[in-house]
Amino acid sequence: MDDRLDFIIRLAREAGMLAQTLRATPGGLQVGAKAPGDFVTAADLAVERLIRNRIAARWPTDAVLGEEGGLQGDSGAIWITDPIDGTANFMRGAADWGVSIALAQAGRLTHGVIYLPDHGLLVAAGPRGLVAEGAAAGVSGISDASAALVHLGYSPREAPTAHAARIGRILSAGAQYRRSGAATVGLMAVILGRAEVYHESCLHLWDCAAALVIVPAAGGQVQSAPLTDHLVAPCEVLAHSGHLPDLVAAVCGLARP
Ligand code: LIP
């Protein structure tokens, strides 16, 4: 295993444990809201500080883009992290949240880890392979839409009517949909073969950068904006197993490919 992959796996585990410890500490969360429904807790801030500090200690000239602290540094190597993805679930003691850390080098995403601490699931990928803990990684082979699951993400950045229409197209295609409130949970489902598609219309890079590396390593396909665009604005993200083109077209509102 290369040293960057080993580093982010260890760091994700440490970050997840800190988040769980802070949530279990009376008064440890101090919840705030960046916008209606967009929460931040003291744990989000503390975990991102930990991630930034560990990266700075090992790779001091690298840049870091984090959900809470934004982009800091100017380098060809950029670490991209959501310290607690699914904060609205995390702060209520629900299990659907995760730590996401990725690395982009020379404009390409090269490493990623997703860790779901309350589920005991970790997946990671780098140039030399795929790592999975808690379950086997590999996308689904299902090719019948009536047996397929689509995970959706939603934020107020998408028109409710557009999201409702997407749900209608999925149901009309004969598939079922789920919405966990954390991109890492839905993307983990695709990586582990527990769902066939993940889609979100306006998703920040820190929520999905790790999955954009891991899904292809698990045999799946991803579509997203160029990294230079995604670094500065939320973009549409699609991840899928590659065996349901009609369903993917319905999810995205496209004519059959
Ligand atoms: C969340 C994402 C989710 C998206 C939410 C929010 P957070 O991340 O995981 O997919 O729909 O708007 O961005 O803010 O909980 O880290």
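When a ligand or atom number is given, it counts from 1 through the structure's own listing order. Computation of the quantities below employed the complete heavy-atom set of this structure, encompassing side-chain atoms and omitting hydrogens, waters and symmetry-equivalent molecules.
Using a non-hydrogen distance threshold of 4.0 Å, I84 registers as a contact of ligand 1.
Nearest protein heavy-atom contact of atom 16 (O) of ligand 1 is D82 OD2, 2.7 Å. Given atom 11 (O) of ligand 1, the protein heavy atom at minimum distance is E200 OE2, 2.6 Å. If you check which protein heavy atom lies closest to atom 12 (O) of ligand 1, you get S155 CB, 3.4 Å. With respect to atom 14 (O) of ligand 1, the closest heavy atom belonging to the protein is E67 OE2, 3.3 Å. The protein heavy-atom contact nearest to atom 9 (O) of ligand 1 is D85 OD1, 2.4 Å.
In this structure, L231 and I78 approach most closely via the heavy-atom pair CD1-CD1, 4.2 Å. Contact detail for H243 and G141: the closest heavy-atom pair is CD2-CA, 3.8 Å. The two atoms that bring F90 and A43 nearest to each other are CE2-CB, 3.7 Å, heavy atoms only.
Considering backbone and side-chain atoms together, Y154 places an N or O closer than 3.5 Å to an N or O of ligand 1. Considering backbone and side-chain N/O atoms, G86 comes within less than 3.5 Å of an N/O atom of ligand 1. Between D207 and ligand 1, at least one N/O pair is under 3.5 Å apart. The shortest N or O to N or O distance between A183 and ligand 1 is under 3.5 Å.
Checking D2 against H111 by side-chain atom types alone, a donor-acceptor pair falls below 3.5 Å. Side chain to side chain, D44 and T87 meet the donor-acceptor criterion of an N or O pair below 3.5 Å.
In this structure, the side chains of S100 and D207 stay at 4.5 Å or more apart for every pair of heavy atoms. Side chains of L149 and I142 form no contact here, defined as non-hydrogen atoms less than 4.5 Å apart.
For atom 6 (C) of ligand 1, the protein comes within 4.0 Å by no heavy atom at all.
One finds a salt bridge joining D118 and R23 here, because a Lys/Arg side-chain nitrogen approaches an Asp/Glu carboxylate oxygen to under 4.0 Å.
With a heavy-atom cut-off of 4.0 Å, Y198 touches ligand 1 through its side chain alone.
Below 4.0 Å from some heavy atom of L203 lie the following atoms of ligand 1, by number and element: 10 (O).
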Original post:
Would E14 and R10 satisfy salt bridge (charged side-chain N to carboxylate O under 4.0 Å, His left out), going step by step from the backbone distance to the final call?
Top reply: CA-CA 6 Å; E14 184 182 10; R10 294 172 186 274; over 6 Å; no
